[in-house]
Amino acid sequence: MNKQIPPICRVGAPRVGAQVEGARKGRPYESPWRWTAFSLLAISLLLLSSCSKSPVKADSSPSALTVGVAKVTRKSLQRQISLSSELVPFQEIDVYAKESGFVKNLYVDYGSRVQAGQLIATLEIPELEAQLQEDQAAIKNADNEVSRAEHQLERYRAQYKVLHLEFTRLNGVFQSQPGLVAQQEVDDAQGKDLAAASQVDAGESSLDAARSELLVGKAKLVHDQTLFSYSRITAPFAGIITQRYANLGTLVQGGTNSSTQAMPIVKLSQDDLFRLVIPVPESSVRYIQVGDPVDVRVSALNRAFPGKVARFSLDVQADTRTMHTEVDVPNPGRLLMPGMYAETTLTLEAKDNVLSVPLEAVNHVADQTTVYVVNSAGKVEDRVITLGLQTSTDGEVLSGLAEGDLVIVSDRSGLRAGEQVRPQAVQMLQYHGGQ
């Protein structure tokens with residue numbers, strides 16, 4: 001809305017023609033600039049008194065210093081530690097042949113995925129094949145020997161039966177009718193009976209020996225068959241072939257003989273589960289428990305994988321002051337590969353809904369922990385507090401502060417207790433995962 005300017009505000013400089021006319025009438029000449037300066041002074045005074053609606057009042061109170069503050073709130077706090085390590089397969093072995101032989105068949109190559117018990121290669125072992133034939137022949141011979149001993153024992157038993165009956169009859173007649181049978185005849189019959197009994201015992205012993213030889217031959221056959229079964233190289237667990245050392249026709253040495261430089265056939269790596277070996281510092285050892293969840297981030301894949309603490313050594317190494325700790329990382333999608341670099345985040349302590357204060361507001365003076373608080377009157381108070389769990393940005397308040405208190409987080413070097421300040425809320429940055 002346009003306001004109408006009072007007439008006094010429209011006063012301007014006197015016209016030049018009027019000045020000339022006054023000079024012609026005999027009045028003394030006055031410079032037009034004199035009137036102009038006078039008019040401007042009068043206009044200014046009138047405008048101050050007439051055109052102003054509200055006069056400005058000077059602020060006589062001292063200016064208060066503006067400080068950045070944050071409010072004491074409740075939140076969940078976690079103290080975490082980040083460690084880096086290299087992913088290794090849960091199991092990884094070189095597959096050796098137990099017996100020396102030539103590679104007859106090789107069914108896998110680099111990148112082949114195998115299941116537990118799957119055939120990897122077969123060996124040709126001529127010596128064991130010949131030994132098996134010899135064992136079978138020895139078993140057949142021992143079996144024949146058992147049959148011969150059984151037949152002989154049956155003959156001995158038949159002879160003993162006849163001689164024993166003859167002695168029994170003569171001895172009975174000799175006892176019942178003395179003088180009818182001579183004593184010499186009875187004694188001869190008794191000797192033949194005892195000799196026949198001894199032959200039966202010897203036949204039984206021969207049969208037992210033959211049977212034992214048969215068992216030995218069969219046991220040797222089983223032993224050699226077991227050795228020959230090692231010519232079939234199978235996978236001890238499911239995984240992937242990461243190295244291939246042998247080719248068809250390669251002579252491989254038995255891996256049980258340490259004096260020979262045995263060469264493995266392939267390297268087998270389990271890839272559905274990985275180990276992550278991390279060195280936990282001595283100061284954090286007491287917080288580590290089996291089963292604790294672990295966040296595993298692999299930068300090469302730009303992805304995080306869930307893991308858990310599976311085992312640890314319960315021994316702090318003297319040279320590094322760390323404890324050997326292993327995290328199991330499942331790999332169902334086969335995305336992880338051996339040798340990848342991973343960063344782990346372990347949660348050492350966690351509390352929910354606790355009173356917290358930004359660590360930027362905390363002062364450490366001698367053995368006391370204090371903060372500057374802006375009270376309801378706008379003045380600075382120096383409070384002694386007690387902290388509990390501390391993260392990288394916040395600390396748990398055990399005593400000294402209440403929810404909603406305003407603590408100063410800006411520069412406090414020039415502040416004094418009781419000083420009048422003007423609080424201004426600031427947004428505190430939160431850091432997650434060490435980023």
Side-chain angles (χ1 to χ4, degrees), residues 96-102 104-105 116-234 236 251-260 262:
Y96 287 87
K98 191 175 188 302
E99 294 296 318
S100 301
F102 298 95
K104 183 178 180 180
N105 297 298
Q118 181 176 335
L119 187 62
I120 294 177
T122 57
L123 302 180
E124 184 178 3
I125 311 176
E127 297 85 355
L128 276 180
E129 294 178 0
Q131 186 64 47
L132 289 176
Q133 295 177 0
E134 182 180 344
D135 293 341
Q136 291 172 353
I139 290 175
K140 186 176 180 180
N141 185 34
D143 189 54
N144 292 334
E145 186 65 24
V146 169
S147 298
R148 187 190 65 79
E150 288 176 347
H151 293 156
Q152 188 175 13
L153 178 60
E154 289 177 359
R155 186 173 65 254
Y156 288 158
R157 285 176 175 173
Q159 293 175 355
Y160 168 73
K161 184 177 180 180
V162 172
L163 294 174
H164 183 68
L165 286 175
E166 183 179 354
F167 167 70
T168 302
R169 289 170 184 167
L170 288 176
N171 189 47
V173 172
F174 179 77
Q175 296 292 338
S176 61
Q177 299 178 5
L180 184 63
V181 179
Q183 180 69 38
Q184 183 66 34
E185 294 181 6
V186 175
D187 294 339
D188 291 341
Q190 185 179 10
K192 293 178 180 179
D193 179 51
L194 294 175
S198 299
Q199 285 183 339
V200 170
D201 293 338
E204 290 177 350
S205 299
S206 298
L207 178 60
D208 290 340
R211 288 174 176 173
S212 297
E213 288 295 327
L214 179 61
L215 292 177
V216 170
K218 289 181 178 180
K220 191 173 186 305
L221 176 62
V222 172
H223 174 266
D224 292 338
Q225 285 177 337
T226 302
L227 293 180
F228 188 74
S229 67
Y230 291 127
S231 63
R232 294 171 53 86
I233 313 299
T234 58
L251 175 61
V252 293
Q253 300 294 330
T256 58
N257 192 351
S258 60
S259 62
T260 61

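What you see below is based on every heavy atom in this structure, not just the backbone, and it leaves out hydrogens, waters and symmetry mates.
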**Report entry** Worked check of side-chain contact (heavy atoms from CB on, under 4.5 Å) between E204 and D201
**Finding:** CA-CA 5 Å; E204 290 177 350; D201 293 338; 4.1 Å; yes

**Report entry** Evaluation steps, side-chain contact (heavy atoms from CB on, under 4.5 Å), between I120 and T234
**Finding:** CA-CA 5 Å; I120 294 177; T234 58; 5.8 Å; no

Requested in this report: Test D224 against K220 for salt bridge (Lys or Arg N to Asp or Glu O under 4.0 Å), laying out the working first.
Outcome: CA-CA 6 Å; D224 292 338; K220 191 173 186 305; 3.2 Å; yes

Requested in this report: Go through the steps for E145 and N141 under the test side-chain hydrogen bond (donor to acceptor under 3.5 Å, both in side chains), then give the verdict.
Outcome: CA-CA 6 Å; E145 186 65 24; N141 185 34; over 6 Å; no

Report task. Before giving the answer on side-chain contact (heavy atoms from CB on, under 4.5 Å), spell out for T226 and S229 the whole-Å C-alpha distance, their side-chain angles and the decisive distance to 0.1 Å. Result -> CA-CA 5 Å; T226 302; S229 67; 4.3 Å; yes

Requested in this report: List the steps and the verdict of side-chain contact (heavy atoms from CB on, under 4.5 Å) for Q131 and D135.
Outcome: CA-CA 6 Å; Q131 186 64 47; D135 293 341; 3.1 Å; yes

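Atom CG of L128 sits about 5.5 Å away from atom CD of E99, to the nearest 0.5 Å. Taken to the nearest 0.5 Å, the CD atom of E134 stands 13.0 Å off from the CD atom of E127. Within the model, atoms CG of L214 and CD1 of I139 stand 7.0 Å from one another, a figure rounded to the nearest 0.5 Å. How far CD1 of I125 is from NZ of K98: 10.5 Å, rounded to the nearest 0.5 Å. Distance check: N171 CG to Q183 CD gives 8.5 Å after rounding to the nearest 0.5 Å. Note that the CG atom of L221 and the CD atom of Q133 stand 11.5 Å from one another [nearest 0.5 Å].
Counting heavy atoms from C-beta on, the side chains of E185 and E166 never come closer than 4.5 Å. For the pair N144/K140, a side-chain contact is recorded, criterion being any heavy-atom separation below 4.5 Å from C-beta on.
Of all non-hydrogen atoms in T122 and R232, the two that sit nearest each other are CG2-CG, 4.3 Å. When all heavy atoms of A262 and G254 are compared, the closest pair comes out as CB-O, 3.8 Å. Considering every non-hydrogen atom in both Y156 and Q199, the closest pair reads CD1-O, 3.0 Å. Shown here for I233 and Y230, the closest heavy-atom pair between the two residues is CD1-O, 3.2 Å. Here the shortest heavy-atom pairing between S100 and Q253 reads OG-OE1, 3.3 Å. Shortest non-hydrogen contact noted between A116 and P236 is CB-O, 4.2 Å.
Atom CZ of F102 sits in a sparse spot, with 12 or fewer heavy atoms from other residues, nucleotides or ligands closer than 6.0 Å. Counting heavy-atom neighbours within 6.0 Å of R155 CZ, excluding the residue itself, gives a total above 12.
The backbone N or O of E124 lies less than 3.5 Å from no partner atom in the side chain of S231, so there is not a single donor-acceptor pair.
Ring geometry for H164 versus F167: interplanar angle of 30 to 60°, hence tilted.
A side-chain hydrogen bond (donor to acceptor under 3.5 Å, both in side chains) with D188 holds for exactly one of Q184, Q190, K192; it is Q184.
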